[in-house]
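Report on the following structure.
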Amino acid sequence: MAELLHHNSLRKFTFSSIKKTRTKGIQKLSWRPVQGVLTEDNKRAVVKNGKDSLDISRVVNGMWQTSGGWGRIDRDNAVDAMLKYADAGLTTFDMADIYGPAEDLYGIFINRVRQERPPEFLEKIRGLTKWVPPPVKMTSSYVRDSINVSRKRMDVSSLDMLQFHWWDYANTGYLDALKHLTDLKEEGKIKTVALTNFDTERLQIILENEIPVVSNQVQHSIVDMRPQQKMAELCQLTGVKLITYGTVMGGLLSEKFLDTNLNIPFAGPPLNTPSLQKYKRMVDAWGGWSLFQALLQTLKGIASKHGATIPNVAVKYILDQQAVAGSMIGVRLGLSEHIQDSNAVFSLALDEDDISSIQEVTKKGKNLLKVIGDCGDEYRRA
């Protein structure tokens with residue numbers, strides 16, 4: 001396995017070299033530019049690889065905020081809120097085995113849907129979960145047992161999508177895990193296999209091993225454009241899609257933080273959630289609070305022009321990027337809601353002037369690919 005990793009090293013990786021050195025495995029994968037499939041109303045997208053496919057909402061309800069740190073979640077209120085989002089057409093929920101009660105809440109929610117909504121409504125509901133295992137030996141039984149826990153918690157016979165995370169690339173057990181996940185997919189226990197926080201180099205290795213991943217969930221925002229530098233080009237060649245998180249930077253990309261000075265203690269809104277604290281560090285790495293204020297002012301001007309909000313513009317800008325199938329907006333279930341604002345993204349169309357105005361500001365920031373590394377490297381830095 002280590003020899004395979006060394007053989008496929010992309011330290012001198014160029015996309016032209018992919019085409020020149022195709023192996024039999026790569027030819028089977030049909031590496032060629034692939035366009036995304038959108039529904040007529042552009043509210044849903046299809047992620048696919050070979051015979052595996054899944055349609056999802058382009059605005060995805062992110063459930064990290066159920067894991068603690070954003071306020072106490074009441075179970076019944078949370079499930080009621082999930083039904084409201086689904087009734088409004090926002091039918092895709094993203095969670096993880098490590099997000100506190102998220103999978104359990106989905107299990108209660110999906111049973112409510114089965115009991116209280118018609119069958120055609122149930123068919124539109126999607127539950128995307130992540131598996132974040134410790135770095136132990138990835139045996140078939142260990143992978144199977146772990147996935148069965150999520151299936152039981154979510155009360156489904158087959159997971160719509162299993163997104164796999166791996167902490168240490170030096171341990172090539174991620175390939176063993178993905179092959180076992182593929183076996184479970186063939187058994188019908190998983191509908192689609194996907195990744196989260198993998199970099200471009202490892203994504204290519206995974207595809208060369210004929211593992212049919214449909215998407216890679218990565219951090220992607222107007223501030224963090226790393227996925228468009230290497231990852232998106234490989235995605236265009238292979239058909240793998242991106243699902244993005246951090247797209248509104250935990251709420252930093254909003255009117256709430258416009259014209260504030262966080263450099264003065266207690267002068268601005270508190271950074272009182274894990275996501276606000278995380279993405280403030282990204283702002284600092286990118287260019288600092290003053291440049292971020294210039295970006296917010298630009299986004300506010302664009303939003304006012306279109307009768308929209310700053311988060312609308314931030315999400316739409318990323319949805320329009322190469323290879324992006326969907327973008328996450330976190331939901332504080334039962335505590336607050338932004339259903340109307342999320343749906344407003346679909347009626348927003350950014351023009352060339354809008355895009356130029358945004359890029360005029362963002363080009364003044366640092367290239368986070370050089371500062372942090374490729375997608376997911378923020379989780380693997382010493």
Side-chain angles (χ1 to χ4, degrees), residues 1-11 13 62-64 66-69 94-104 128-154 159 161-187 189-190 192-219 226-227 230-231 234 240 242-243 245-246 274-275 278 281 372-382:
M1 199 68 73
E3 291 177 355
L4 173 66
L5 185 62
H6 176 74
H7 174 74
N8 287 320
S9 174
L10 303 186
R11 289 187 176 87
F13 158 52
M63 294 178 65
W64 179 30
T66 66
S67 62
D94 178 88
M95 65 214 82
D97 61 336
I98 60 171
Y99 288 0
E103 290 185 334
D104 300 301
L128 321 180
T129 195
K130 305 181 197 75
W131 180 40
V132 187
V136 298
K137 186 173 179 60
M138 292 290 115
T139 64
S140 176
S141 60
Y142 180 81
V143 174
R144 180 182 298 273
D145 289 346
S146 298
I147 298 313
N148 282 341
V149 171
S150 289
R151 291 171 60 228
K152 182 177 180 180
R153 292 179 69 191
M154 295 173 67
L159 300 174
M161 178 184 288
L162 191 286
Q163 301 165 106
F164 175 67
H165 175 89
W166 190 251
W167 293 107
D168 182 11
Y169 292 143
N171 178 351
T172 57
Y174 66 90
L175 290 172
D176 296 322
L178 284 164
K179 288 173 181 176
H180 296 317
L181 289 172
T182 302
D183 290 340
L184 291 174
K185 178 187 67 66
E186 293 301 320
E187 292 177 21
K189 293 180 171 58
I190 300 169
T192 54
V193 175
L195 306 172
T196 181
N197 293 314
F198 272 79
D199 65 7
T200 311
E201 179 177 341
R202 256 53 62 160
L203 174 58
Q204 186 188 358
I205 291 170
I206 289 164
L207 293 172
E208 287 174 344
N209 276 267
E210 300 188 34
I211 296 166
V213 297
V214 298
S215 62
N216 186 20
Q217 187 179 134
V218 294
Q219 182 173 293
R226 288 177 297 159
K230 292 170 63 178
M231 179 68 66
L234 179 58
V240 173
L242 299 177
I243 297 174
Y245 66 87
S275 50
K278 172 184 178 179
R281 293 192 291 271
I372 299 172
D374 200 2
C375 299
D377 282 358
E378 61 269 28
Y379 296 102
R380 299 178 179 89
R381 299 169 73 195

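All values below were derived from every heavy atom in this structure, side-chain atoms included, with hydrogens, water molecules and symmetry-related copies excluded.
- The residue from D94, T196, T129 that alone fulfils the side-chain hydrogen bond (donor to acceptor under 3.5 Å, both in side chains) condition with Q163 is D94.
- Here the side chains of K278 and R281 are in contact, with some heavy-atom distance below 4.5 Å.
- Contact check for M138 versus K179: no side-chain heavy atoms found under the 4.5 Å cut-off.
- Two residues are said to be in side-chain contact when any heavy atoms from C-beta on lie closer than 4.5 Å; I372 and R226 meet this criterion.
- Aromatic ring pairs are classed by plane angle as parallel below 30°, tilted from 30° to 60° and perpendicular above 60°; the pair Y379 and W167 is perpendicular.
- Rounding to the nearest 0.5 angstrom, the gap separating the NZ atom in K185 from the CG atom in L162 is 12.0 Å.
- Atom-to-atom distance recorded for L203:CG and L195:CG is 6.5 Å, nearest 0.5 angstrom.
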One pair to check against side-chain contact (heavy atoms from CB on, under 4.5 Å): H180 and L184. What are the steps and the verdict?
CA-CA 6 Å; H180 296 317; L184 291 174; 5.8 Å; no
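- Contact record, V213 with V240: O-CG2, 3.7 Å, taken as the closest heavy-atom pair.
- Taking 4.5 Å as the limit, every side-chain heavy atom of T66 sits out of range of all side-chain heavy atoms of M95.
- The side chain to side chain contact (heavy atoms under 4.5 Å, CB included) test with N216 is passed by exactly one of L242, D199, T200: L242.
- In this structure, the side chains of Q217 and M161 stay at 4.5 Å or more apart for every pair of heavy atoms.
- Note that CD1 of I205 and CD1 of I211 are 10.5 Å apart. Values are rounded to the nearest 0.5 Å.
- Looking only at atom types and distance, the side chain of D176 has no donor-acceptor partner in the side chain of Y142 under 3.5 Å away.
- When all heavy atoms of E378 and C375 are compared, the pair lying nearest together is OE1-C, 4.4 Å.
- Across all non-hydrogen atoms, the minimal contact from S150 to E103 is OG-OE2, 2.9 Å.
- Across V193 and L181, no two heavy atoms sit closer than the pair CG2-O, 4.0 Å.
- Side-chain atoms of Y174 and R202 form no donor-acceptor pair, as typed in the model, at a separation below 3.5 Å.
- By the 30° and 60° cut-offs, the orientation of the rings of W131 relative to F164 is tilted.
- Between the CD atom in E201 and the CE atom in M231 there is a gap of 10.5 Å [rounded to 0.5 Å].
- Put simply, CD1 on I98 and CH2 on W64 are 10.0 Å apart, with the number rounded to the nearest 0.5 Å.
- The closest side-chain heavy-atom distance from L159 to R151 is below 4.5 Å.
- Put simply, the side chain of W166 never gets that close to the backbone of G173: no donor and acceptor are under 3.5 Å apart.
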